[in-house]
Amino acid sequence: MKFLEISAFLLFIISSFISNWIGYLMLLIIFLIVLFISKKSLRFMGGFKFWIFPAIFLFIMSFDFNTFGLSSEKLISNTNIFVHLYIFGVLINLINDTIKMKDLTIFFDRYRFYKLKFISLFTLSVMRRMSSDVSDVFYFYRRENSGFKFFKNIHMLVYVCVRNSVKISYDLVELLYTRGLYEK
Amino acid sequence: MKEKNEISALKATVFPVVFGVMWGLFEMVFGSYLHMINFPLRGAVMAGFGAIFMCISRSYANRIGVTLLSSAVAIAVKLFSYGGFKLGPVIGIFIEGFLMELTFSALKFNMLSVFIASFLCVLEGVPHFFITTWIMYGGSIFDVYINALNNISKLFGFKSSFYIWILALWILCHIVIWIFSALISLKLIRWLKNEIP
């Protein structure tokens, strides 16, 4: 991660504690930083449905319920909340758009974090091996345990997943030890 | 002796990675399912599962740092999964791993530490909700929430403190999930140790 990305995140955390014009200014700076780094990250995070509820809720809460009039003070404050949420989404988009596994391994190599590099690559290979296993186990569990049984027998689902993990771990320990991969 | 130490060191790397991946995948598959059916308290339920995975991995590789490494791996799995980065679960997994690591490092692995670590892991969801809401929406969101609750209580004629009871019920549900999680952890550790010592 570069200096600008980190600055954007720090500004965002600080802006959570400030609700006046300085907060708005910080959000604007973050917006400009993201515009500079990755224009496509400025899209609205999540589906359209995600934005309907906060928009309507914050608009309704801008009314004064005694006079049923729109309170400009509340509207400004609630707009700040909405903009804050939008910038939060933009930062999430920025992470998803810019950080790749390859960048991480380059980073670990550059700063000689060899163990971390080993762990990250090992994680990736274990994940590939286990992801279809977990999906299959969950598919058959759902098929055999519908309705209330789904929650009643949940410990069996966990047991199968955990037992598979222990077996895989022992296999990998044996494999890595006999090939001496870990020491290198 | 050297061979035993090397295997033990390998176990301290392999077990947290495998269990971290399992935790991350479980969050992706089972967590998505709970999200899809709008299951209430799904965060606490997933924290309960996380506690079970961490307790079991610690029972096999009892070294300092193992639980923290597991949570880092689970975060990585979530980060590079199809759902992408989500602040709530990522902060949640990190804090849960950190609290469990502290508990197991301080108290060693035993029945008491399993109960305390599971308690911290599941109940972490209570302050976590307020902190992530603060970060996402900014501090003034709580005034809006309290204002909304006051208006709802006025509209339906409830006492203005009714939301305190809802909060108490929410915390009680977390406590029930914690007890289940700790008991399932202990039961599964017993079963597994009989099958794969």
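Note that these values count all heavy atoms, side chains included, but never hydrogens, waters or copies made by symmetry. Below, read A as the first sequence line, B as the second, and so on, with proteins coming before strands; counting in each chain starts at 1.
- Taking CZ of B:Phe15 as the start and OG of A:Ser165 as the end, the distance is 9.5 Å to the nearest 0.5 Å.
- Following chains of ILVMFWY side-chain contacts shorter than 4.5 Å, one can reach A:Ile56 starting from A:Phe82, so the two form part of one hydrophobic cluster.
- Proximity to chain B (any heavy atom under 4.5 Å) is shown, for A:Tyr141, by neither the backbone nor the side chain.
- If you measure heavy-atom distances from A:Leu157 to chain B, the contacts under 4.5 Å come from the side chain alone.
- Atom CZ of A:Phe36 is surrounded by 12 or fewer heavy atoms from other residues, nucleotides or ligands within 6.0 Å.
- For B:Lys193, the NZ atom counts as densely surrounded, since its 6.0 Å shell holds more than 12 non-hydrogen atoms of other residues, nucleotides or ligands.
- A distance of 11.5 Å separates NZ in B:Lys187 from OH in A:Tyr159, rounded to the nearest 0.5 Å.
- Put simply, B:Leu68 and B:Trp23 are part of two different groups of oily side chains (I, L, V, M, F, W, Y) that touch within less than 4.5 Å, one to the next.
- Looking at A:Phe57, only its side chain comes within 4.5 Å of chain B, counting heavy atoms on both sides.
- When the candidates A:Val158, A:Leu172, A:Ile168 are compared by the number of heavy-atom contacts under 4.5 Å with chain B, A:Val158 comes out ahead.
- No single ILVMFWY cluster, assembled from side-chain heavy atoms under 4.5 Å apart, contains both B:Leu102 and B:Phe115.
- Residue-level contacts of residues 169-185 of chain B with chain A, in order of numbering, are B:Ile184; threshold 4.5 Å between heavy atoms.
- The stretch residues 48-60 of chain B places B:Phe49, B:Ile52, B:Phe53, B:Ile56, B:Tyr60 near chain A, each with some heavy atom under 4.5 Å from a heavy atom of that chain.
- Every residue was checked against the side chain to side chain donor-acceptor pair (under 3.5 Å) condition with A:Thr79, not counting sequence neighbours, and none meets it.
- Neither the backbone nor the side chain of A:Ile60 has a heavy atom closer than 4.5 Å to any heavy atom of chain B.
- Screening residues 158-168 of chain A for salt bridge (charged side-chain N to carboxylate O under 4.0 Å, His left out) gives A:Arg163-B:Glu195 as the qualifying pairs, with residues at least two apart or on separate chains.
- The same ILVMFWY cluster, assembled from side-chain heavy atoms under 4.5 Å apart, contains both A:Ile52 and A:Tyr86.
- Counting heavy atoms of neighbouring residues, nucleotides and ligands inside a 6.0 Å radius, atom CH2 of B:Trp165 does not exceed 12 of them.
- Here the shortest heavy-atom pairing between A:His155 and B:Leu188 reads O-CD2, 4.2 Å.
- In the displayed structure, B:Phe98 atom CZ is contacted under 6.0 Å by at most 12 heavy atoms of other residues, nucleotides or ligands.
- In the hydrophobic clustering of this structure, B:Val122 groups with B:Ile116; members are Ile, Leu, Val, Met, Phe, Trp, Tyr whose side-chain heavy atoms approach within less than 4.5 Å, directly or through other members.
- Taking both residues in full, the closest heavy atoms of A:Ser169 and B:Val14 are given as O-CG1, 3.5 Å, listed atom of the first, atom of the second, then distance.
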